**Q** 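A single structure is presented below for examination.
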Amino acid sequence: MLYTELMRPCALIRLKRMRAFILAVLVGAMTVEAQQRPLVYGMVPDARPTTFLDASGKPTGFFVELYTRIMDELGIAYRFQIADFTEMYNGLLSGDVDLFTALQKTPEREELFVFPDSGVVAGWSQLFVAHGTLLQSVLDLQHRKIGVVENDRNGINFRSYIESLAIECEIVEYRTFEELLRAVETGDVFGGVQSNALVGTEPRISATLIVFAPFKAYPVLSRKSTLTAEFARIMSRYDELIADSNSYYYELQKKWFSTERTETVVTPRWLVVLLVVLLVSSLMATIVIQLLSRKLRQSNQELERKVAERTELLVRSEKMATLGTLVAGIAHEFNTPLQALIASVDVFESLSYPEGLSAEQRGVLRELLAGRERSSSDARADTRAAKKVVRSRLTALGYEGGPDFERIASSLVDMGILRPTKSAVETLRGATPAFAEAAVAAAGTLDAIDVARESAERMSSVIKALRVYAHRDQRNEPVVVSLKSQMDSVLTLFADRLEEGGIHVVSDFDELPEYRCLADQIHLVWMNLVSNAVDAIGTSGTLTVRGRISTGGVVVSVGDTGTGIMQEHRTVIFDPFFTTKKDGTGTGLGLSITREIVQSHRGTLSFDSGPQGTTFIVTLPLAGIANIAPPIDFPEPGDA
């Protein structure tokens, strides 16, 4: 009996061990069944320092070390597929490649690949040249050979960039980045274009200050891949590493880039520096616009002297040619730092949350601040009124009289959340003081970022308008242009006069089509008509610009609320040198030139005037509407 009692615990131990062994075998079998094949990790062999082959032919680089280490931790089997970018891209489309770690997002690509919300890498396209090559301005690229990689987004961005500046370059395509580097070194091409990450780490070339088209790149999964669950686990682990400032993610950044990149946490001092730089850039942009205005006045004086020798239209074309070169160069010099700042603003927004919060807390905080007013700083200017609004909202939600009523109301006002949801209130009720302080601090940071973004977008729109204004028909031949974009640029250039004069603008020209014409001449028509309307309005009134397609052609009208045209002036309003403006403020050529341009396009220019104001009506023939040829639409830099 005693022997039997002693043996019974031993039997129980053996039984437990057997159960554990069977469970481990089953879990292993389930794991093997869940991932039936290894994940195919696609990489290009020459994209230093992110993905490349070392001297022994082994894959290495920042992305390689980061994602393979994550997959090793998670027990995800994988193998490398090494090829150039074109072959790799086709492999993603066919499903032969599962994962690629750096692809720019576009609406077309979102239909083809799975893009995560995280894993973003910020950068921009950059021009590089061989060591010792002299490049003083973007205008030096005129009639040069520039190399790009086949199907690479940076090359596509460069084509749009030089087209917007009216610079003619010969584009030469190469299959790999290594082939492009050799072509630049040997002088086969003047320079090349790639992302700043590759250009900045390649010792065989010299980076230039010509940067454009800021972008974000993401790790992607092929839509035809069956390993969506593994991809989700990889990106979840990536988020955990980003949230931990002591993780190996940041160690790998220092190893491969010698410094931390834009995803790392920065001190609020950077935000102050960013705002100062934007303020200085705004001041410089104002000076440039004043300089251009002074150049325009000087050009007008010169035109008056030459008008007896040449026709008015030819003289105006000469002025536009000179001004176009000036504006294109100056617009580029200010656009380069501006685009870098615009790219930085989006990155800073993702870094606006304080340190020390867990991934779960960051998610709660992000959801809470989603209800923040866009102009929260203005909303909090009158604290008393804001608190009144918030108290009324809390009462409507059923929180009146609670012990935390005033604390929650104050926190909501400080964060600019004037219309809180029930979920937001519940979050603050259960929040610790440290979390509440972190939320208020993050809201203040987002306010500063909103101001910076609005300032940068305003500067970018002015630069775009200057580019449209400066563009001219180099061969005096008809081209396809967007009439809507032309009118938008004219109103942008007159924005200061409209705001200072208290002039209200009514615009309704979204139906304006793409039209084949002499682009700079038609643009001059809109400039003259809007300028005359603003002068006629004076200190206050309404400027009305409408555009539509009718059975009689393309009709554009520009109306003002001035005093109207006197009856005795209506028969001579289009005569050269006739003007009702004060001496020194008009030449009497604007409407004469405008009618000549419209008639040369087989159109008509008429007007309707009365005591309530004047409306000039331009009608262009339907035959000029373009349905096939691509328009010159002057895209914003950075559309990648």
Side-chain angles (χ1 to χ4, degrees), residues 282 285-297 300 327 375 378 454-455 457-470 482-512 522-548 555-566 569-570 573-574 578-591 593-595 598 605-618:
S282 300
T286 302
I287 295 173
V288 170
I289 293 174
Q290 292 177 349
L291 174 62
L292 293 176
S293 299
R294 183 161 58 251
K295 289 287 185 182
L296 283 172
R297 289 193 294 268
N300 285 333
V327 171
S375 302
D378 295 336
E454 291 170 1
S455 299
E457 289 173 352
R458 169 62 178 162
M459 290 171 60
S460 181
S461 66
V462 170
I463 289 176
K464 179 182 178 182
L466 289 174
R467 284 177 171 168
V468 177
Y469 180 77
S482 170
L483 297 182
K484 178 181 180 300
S485 295
Q486 283 195 337
M487 191 63 76
D488 280 333
S489 72
V490 170
L491 294 179
T492 299
L493 291 175
F494 279 88
D496 289 338
R497 290 184 62 186
L498 296 173
E499 293 172 1
E500 292 174 2
I503 298 175
H504 175 65
V505 179
V506 176
S507 60
D508 180 20
F509 48 82
D510 289 338
E511 295 181 8
L512 285 178
I522 291 297
H523 194 272
L524 183 59
V525 170
W526 315 138
M527 288 287 294
N528 286 340
L529 293 180
V530 172
S531 178
N532 286 345
V534 172
D535 289 339
I537 291 172
T539 56
S540 64
T542 300
L543 171 66
T544 303
V545 181
R546 302 186 187 278
R548 58 187 175 85
V555 181
V556 179
S557 63
V558 178
D560 62 66
T561 54
T563 57
I565 302 174
M566 298 178 63
H569 293 160
R570 298 186 182 185
I573 194 71
F574 295 112
F578 175 80
T579 179
T580 59
K581 298 179 181 179
K582 297 179 181 179
D583 292 341
T585 61
T587 65
L589 300 176
L591 286 177
I593 292 176
T594 299
R595 185 175 66 169
V598 173
L605 174 62
S606 60
F607 66 89
D608 183 18
S609 185
Q612 290 76 33
T614 302
T615 300
F616 280 88
I617 304 167
V618 176

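The first residue of the sequence shown is numbered 1, and numbering continues consecutively from there. The figures here come from the full heavy-atom set of this structure, side chains too, leaving out hydrogens, waters and symmetry mates. Owing to the predicted nature of the structure, the values given are computational and were not obtained by experimental measurement.
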**Q** Is there side-chain contact between Val505 and Phe494, with heavy atoms separated by less than 4.5 Å?
**A** no
**Q** Look up atom CG in Asp535 and atom OG in Ser531, then write down how far apart they are to the nearest 0.5 Å.
**A** 4.5 Å
**Q** Search all heavy atoms of Leu543 against all heavy atoms of Leu498 and return the closest pair with its distance.
**A** CD2-CD2, 4.1 Å
**Q** State the CG-CG distance between Leu512 and Asp510, to the nearest 0.5 angstrom.
**A** 8.5 Å
**Q** Hey, could you give me the CE/NE2 distance between Met487 and His523, rounded to the nearest 0.5 Å?
**A** 9.0 Å
**Q** Of the non-hydrogen atoms in Gly559 and Thr615, which two are nearest, and what is the gap between them?
**A** CA-OG1, 3.7 Å
**Q** Output the distance between atom CD1 (Ile522) and atom OG1 (Thr594), rounded to the nearest 0.5 Å.
**A** 10.0 Å
**Q** Using side-chain contact (heavy atoms from CB on, under 4.5 Å), reason through Val618 and Trp526 one step at a time and then give a plain yes or no.
**A** CA-CA 10 Å; Val618 176; Trp526 315 138; 4.1 Å; yes
**Q** Check whether any side-chain heavy atom of Leu591 lies under 4.5 Å from a side-chain heavy atom of Asn528, and answer yes or no.
**A** no
**Q** With sequence neighbours excluded, give me every salt bridge (Lys or Arg N to Asp or Glu O under 4.0 Å) pair touching residues 605-617.
**A** none
**Q** Drop me the distance from Gln612's CD to Asp560's CG, to the nearest 0.5 angstrom.
**A** 11.5 Å
**Q** Say you draw a straight line from CG of Leu291 to CG of Leu296; how long is it, rounded to the nearest 0.5 Å?
**A** 9.5 Å
**Q** Can you give me the closest heavy-atom contact between Leu605 and Val598, atom names plus distance?
**A** N-CG1, 4.1 Å
**Q** Does any non-hydrogen side-chain atom of Arg546 lie less than 4.5 Å from one of Val555?
**A** no
**Q** Can you tell if the side chain of Phe509 reaches within under 4.5 Å of the side chain of Leu483, non-hydrogen atoms only?
**A** no
**Q** Which residues pass the side chain to side chain donor-acceptor pair (under 3.5 Å) test with Thr614, sequence neighbours left out?
**A** Ser609
**Q** So, does Thr542 use its side chain to make a donor-acceptor pair with the main chain of Thr561 at under 3.5 Å?
**A** no
**Q** Hey, can you tell me if Phe616 and Phe607 have their rings parallel, tilted or perpendicular (30° and 60° cut-offs)?
**A** tilted
**Q** Might you point out which heavy atoms bring Arg570 and Ile573 nearest each other, and give the distance in Å?
**A** O-CG2, 3.7 Å
